[in-house]
Structure formats: structure tokens, C-alpha cells
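Since the model is a prediction, treat every value here as computed from it, not as a measurement. Letters A, B, ... are given to chains in the order of the sequence lines, protein chains preceding strands, and every chain is numbered from 1.
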Amino acid sequence: MSCCDEKNGCGEKHHLPVLEVEAEPEPELSGIEVEGMERLQSTRRDFLRQVGVAAGVTAAASATGCGSTTWEEYFHQHYKRLSDEDKAHLFALLEQRTHEKYGVEVHIRDPQPIEGVEFAYALNLSTCTGCRQCEYACAKENNTSRDPEMHYIRVLELDKGTMDVDRSNHFYEGEVPKPDKYYMPVQCHQCANPPCVDACPVQATWREPDGIVVVDYDWCIGCRYCEAACPYWARRFNWAEPSIRPSDINPEQGYLSNRIRPKGVIEKCTFCLHRTRVGRNPACLEACPVGARKFGDLNNPNSEIRRIIATKRVYILKEELGTLPRFFYFFG
Amino acid sequence: MVRPYGRAAHLILLLGFALSLSACRRVEAEALPRQAANDPPDFVVVSRTAEIPTYPCTERCHSRRAPNPEPRELTAYHTRVQLRHGPDPHFCDFCHVLEHPETLHRVDGETFGFDQAHRLCGQCHGAKLRDWMSGIHGLQTGTWNGVVTRRVCTACHNPHAPDPIHLESLPPPQRPRTELGSPVDEPSSGEQNDAEVSP
């Protein structure tokens with residue numbers, strides 16, 4: 001466990017240094033009335049907004065190929081500004097869209113963080129065999145695209161006696177564990193000081209009170225800054241329209257987690273918040289045949305996570321970056 | 001040559017070493033309060049007996065056979081059981097009660113069924129048992145904040161001939177494509193490089 005915790009004070013939120021840009025000198029406005037210019041700019045902004053909205057609606061309507069696209073669907077508010085009523089409308093709409101596209105009845109829910117709970121994950125490097133069961137269980141649970149294939153979990157194969165992830169291989173095949181190799185599954189570390197959140201220019205990603213870093217898929221602009229900022233290669237971008245067979249769709253969906261994403265947005269592991277916030281375990285944990293994965297509440301001193309941190313040799317990947325992950329590797 | 005303070009110096013050194021050792025032990029005991037926790041979280045164990053087709057052994061077969069504690073190769077029944085575990089030489093009665101093989105017994109005389117097999121394994125593998133009891137070792141399902149479900153040792157480990165667990169890995173992830181929709185059988189130079197490049 002790092003000494004730098006946000007609670008004991010030494011781990012203040014780090015901000016990247018920002019290059020000070022000198023303001024460009026105002027152009028000479030000789031011969032033009034400044035008042036009039038302001039009015040002109042204001043008028044132009046209004047005009048552009050109207051044109052943009054009209055173009056957006058037209059494009060949206062033509063993209064879906066039907067005239068039923070609603071204003072709400074394309075221009076709804078950021079998740080944090082949605083009222084309960086807005087959410088009910090929006091979720092019903094999304095369920096309807098999924099039904100139209102895939103013919104599957106899905107239920108979109110929005111479970112809220114549990115008061116006083118902070119989630120954490122621990123993974124036993126001594127027992128992980130690298131079988132990739134977690135990787136595929138995750139894809140199934142989270143409705144990730146099958147083609148192009150997207151997996152939140154990347155299982156690295158490393159040489160015994162080294163921790164050098166840069167020399168790892170995640171394309172290994174065949175029977176595992178191989179001699180002289182060990183396996184390190186990497187997924188979102190749900191950092192307490194997440195660089196991805198700092199990098200997002202539109203605040204489409206943030207850290208929830210229970211420690212889970214989430215993405216508002218409808219607010220994401222797809223700039224991929226967060227993907228570049230993440231030191232754990234944990235974020236995935238939808239380069240193409242996600243393709244899933246209707247029979248593979250998991251109908252129990254969370255708005256901030258495993259609902260089917262649109263093209264052009266970022267997504268990532270959310271510790272299966274639609275499961276964990278109602279008391280269940282993440283899908284990857286239940287899929288692990290050797291029980292290498294442990295999940296629980298960091299604030300509960302009797303949880304397995306706390307026992308592991310207190311009694312085992314715990315390793316934090318890239319601890320020196322100060323990201324304060326809520327994902328711990330241990331040997332036991 | 002006699003050094004008058006040699007013995008005293010040794011004594012002081014020894015004393016210091018002993019003190020430092022005891023100090024270490026004290027620190028360790030304070031740092032690990034939950035190791036000796038008497039109240040592990042509530043858990044239920046998946047029953048093993050339901051998975052054993054010949055259970056209960058006495059009723060099915062062994063009531064009709066005389067117990068034979070002589071170590072020998074089994075040819076009629078249990079031919080697949082290879083005994084490569086524990087002190088050598090030993091036989092079934094080391095763990096099973098010969099008259100009622102579905103009952104296990106410990107060296108201290110305590111007896112229990114297959115669903116409590118961890119109590120037998122814990123005789124030697126005490127540290128693992130401690131981890132299992134506190135939820136650190138072994139697959140644990142159910143809920144993270146309520147009752148959890150565990151499996152006894154023998155659900156994963158073969159008690160007669162324990163081997164490291166080997167599994168067939170699921171297929172590796174797709175290699176990154178340089179251009180979406182491009183045929184897979186036309187690898188571009190970028191793809192060939194990807195094989196060498198780690199993530």
C-alpha cells in the first residue's frame with residue numbers, strides 16, 4: 001500500500017504542468033465600432049448554433065435511416081445533470097433502440113454507489129495460470145464488440161524473475177502456464193488519482209464516490225486523450241460500429257457500464273458496476289477457475305482485500321506514477 | 001591469546017540479537033491482527049459429496065468388502081487412483097477410515113466427511129488453510145458483502161496425486177489491424193511488425 005493516500009494528505013492531486021500561452025494581441029479595430037463588432041459576433045454565434053443544430057438533426061435522422069430520432073436522444077444532457085425523469089425517458093429510449101436494432105429486450109439500469117464503500121481488486125500472481133477465461137467472460141458480460149474484437153482485460157505473459165511489462169507478450173497460445181513464465185492480467189486500475197480523467201477535455205469521464213472511473217458514452221467526443229494518458233493501456237476505442245450477435249447480448253445493462261456503445265467513443269472496465277453495486281462479484285472474478293481474483297470493499301477492515309493488503313506481499317503496477325490504483329497484485 | 005572481553009562481547013551481541021528478534025516478532029504480531037481472527041466471514045461450502053457418483057462408499061460397496069489395510073496396487077476398483085502425495089509408504093487408511101471410506105480422519109483422531117476435507121489438508125498445509133479460511137486462497141463466488149461460496153481443497157486439487165494446475169488457454173486477442181475491413185490474408189508491413197512489438 002502506498003504511503004501516499006489521499007486521506008493522509010501527502011497525495012495531493014497532481015496536475016500536469018500547463019504551458020502558459022501568451023495571449024495574442026488584439027487586432028487593430030480601426031474604423032470599426034467595437035459595440036457593433038460584439039453584436040455582430042453574437043449574431044454570428046447564434047446563427048452558427050442554429051445551423052449546427054439543424055445540420056445535426058438532419059445528419060442524425062439520415063444516419064438512422066428513419067425519422068423517429070428524437071431531440072432527447074442526440075442532445076440530452078451530461079449524465080450528472082440528468083434528473084430521474086430524464087433518466088427514465090432516456091433509458092426507455094435506449095432500450096427501444098436496442099430492441100429495434102437487435103431484437104433483444106434489454107433492461108438498462110443505473111445503480112448508484114453504495115454509501116461508504118470504496119471498491120478494490122486484488123489479483124494473485126502466484127496462482128494466475130493465464131488461461132484468459134476472465135478476458136472472455138468480461139467481453140460476454142460487458143457487451144463489447146466481437147468484430148473488431150475488443151477485450152478490457154489483457155493477460156501479459158512475463159518471464160519469471162522480471163517485472164518488465166514492456167517485454168511481455170499477450171499473444172501467447174496453447175497450454176498454460178508455460179515453464180518459466182508467469183501471467184499478469186491488466187485491466188482498468190480504477191486509480192484514485194486517474195490521469196485519464198485529468199486528460200478529458202469535456203469531462204466525459206470521472207471518478208465515482210465508490211472509486212469506479214466511468215465514462216458517459218453519450219458525452220464522449222472520441223478524442224482518445226484519455227487512452228493516451230492511461231499508463232495501464234486500459235481504455236479501448238470503438239473504431240467501428242460494435243458488432244455483437246443478438247444471442248450474445250447481455251440484457252442486464254448499466255447506463256454507465258455495459259450498455260452497447262456507439263461507434264467513436266471510449267470504453268473501459270468498470271468493475272462491472274451494474275453487478276458490484278448490487279452486491280454481486282465482477283464477471284471476471286466468477287470466471288477465474290483458480291480463484292486468483294479477489295474483490296471487495298477497501299473501507300471494510302474485515303474484507304478479503306484488506307486482509308490481503310495487510311498480510312500479503314502486494315505489488316502495485318507502475319506505483320511510481322502516483323496514480324494510486326485500486327487494483328493490487330499480490331503473491332500468495 | 002586470551003581476550004578478556006571476548007566472551008562478554010559475544011554475550012552482549014547474542015543478547016542484542018535476541019532482543020532484536022523479539023522486537024521483530026512483536027511488530028509482526030501487531031501488524032497482522034487479522035491472521036488470528038476467530039470470526040471469518042460467513043461462507044458456505046459447495047458440497048463435494050454430490051459430485052461423487054459412488055457416494056456413500058460404505059452403502060454402495062464397502063459394507064460388502066472386508067477392510068484391508070495392506071499397501072498394494074489396486075486392480076479391481078479405484079484403478080485410476082495414483083497415490084503420489086504425503087509420507088511414503090502409506091495407504092488409504094492414512095486419510096480414510098477403512099471401515100467407512102466416506103469418513104476422513106486426522107492424526108488427532110477427529111473424523112469428518114468429504115465436505116470438510118480442508119480440515120484434513122490443513123494438518124500439513126496450515127498456511128494455505130489460513131488463507132482459505134480468510135478468503136484469500138481459492139475461488140470464492142456469491143456476494144462481496146454477504147454470504148460467500150467456497151470450494152473445499154479437493155474440488156480443485158487432486159488429493160491423491162496433486163499436480164500444478166494446467167489449462168488450455170483461450171485464443172489470443174486479434175492482432176491490431178492497420179486498416180479496418182482489410183482482408184486478414186493480406187498482412188501489411190505494420191502487422192508483421194506488430195508481432196514483434198509488445199503492448
Original post:
Do you know which of A:Leu285, A:Val176, A:Val278 has the most heavy-atom pairs with chain B at a distance under 4.5 angstrom?
Top reply: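 Going by pairs under 4.5 Å, I would pick A:Val176.
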
Original post:
Which residue out of A:Thr129, A:Thr276, A:Thr127 racks up the most heavy-atom pairs below 4.5 Å with chain B?
Top reply: A:Thr276

Please indicate whether [X] has more than 12 foreign heavy atoms, meaning atoms of other residues, nucleotides or ligands, lying under 6.0 Å from its [atom1].
| X | atom1 | value |
| --- | --- | --- |
| A:Phe331 | CZ | yes |
| A:Lys140 | NZ | no |
| A:Lys318 | NZ | yes |
| B:His78 | NE2 | no |
| B:Arg65 | CZ | no |
| B:Gln116 | CD | yes |
| A:Tyr232 | OH | yes |

Original post:
Top residue by heavy-atom pair count (under 4.5 Å) with chain A, among B:Cys156, B:Pro164, B:Ala127, B:Gly142?
Top reply: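 The answer is B:Gly142.
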
Original post:
Out of B:Thr141, B:Leu139, B:Asn145, B:Ile165, which one racks up the most heavy-atom pairs below 4.5 Å with chain A?
Top reply: B:Leu139

Quick one: closest heavy-atom pair of [X] and [Y], and the distance?
| X | Y | result |
| --- | --- | --- |
| B:Asp131 | A:Lys312 | OD2-NZ, 2.6 Å |
| B:Trp144 | A:Ile114 | CZ2-CD1, 3.8 Å |
| B:Pro173 | A:Arg132 | CD-NE, 4.0 Å |

Heavy-atom contact with chain B under 4.5 Å, split by part of [X]:
| X | result |
| --- | --- |
| A:Ser126 | neither |
| A:Ile305 | neither |
| A:Tyr136 | side chain |
| A:Glu135 | side chain |
| A:Val117 | side chain |

Subject >> Those residues that, when tested against A:Ile244, pass side-chain contact (heavy atoms from CB on, under 4.5 Å) (two or more places apart) >> reply: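 With neighbours one apart ignored, the set is A:Asn143, A:Arg146, A:Asp248, A:Ile249, A:Ile260.
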
**OP:** Output the distance between atom CD (A:Gln133) and atom CD (B:Glu168), rounded to the nearest 0.5 Å.
**Re:** 11.0 Å

Original post:
In Å, rounded to the nearest 0.5 Å, how long is the span from CD of A:Glu304 to CD1 of B:Ile136?
Top reply: 8.0 Å

Subject >> Short side-chain to backbone donor-acceptor contact, B:Ser169 and A:Glu173, under 3.5 Å >> reply: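 Not at all, since once roles are kept as given, no pair shorter than 3.5 Å links the two residues.
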
**OP:** Keeping the roles fixed (side chain from A:Glu149, backbone from B:Gln174), state whether a donor-acceptor pair exists under 3.5 Å.
**Re:**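 Side chain of A:Glu149 to backbone of B:Gln174, a donor-acceptor pair under 3.5 Å: yes, one is there.
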
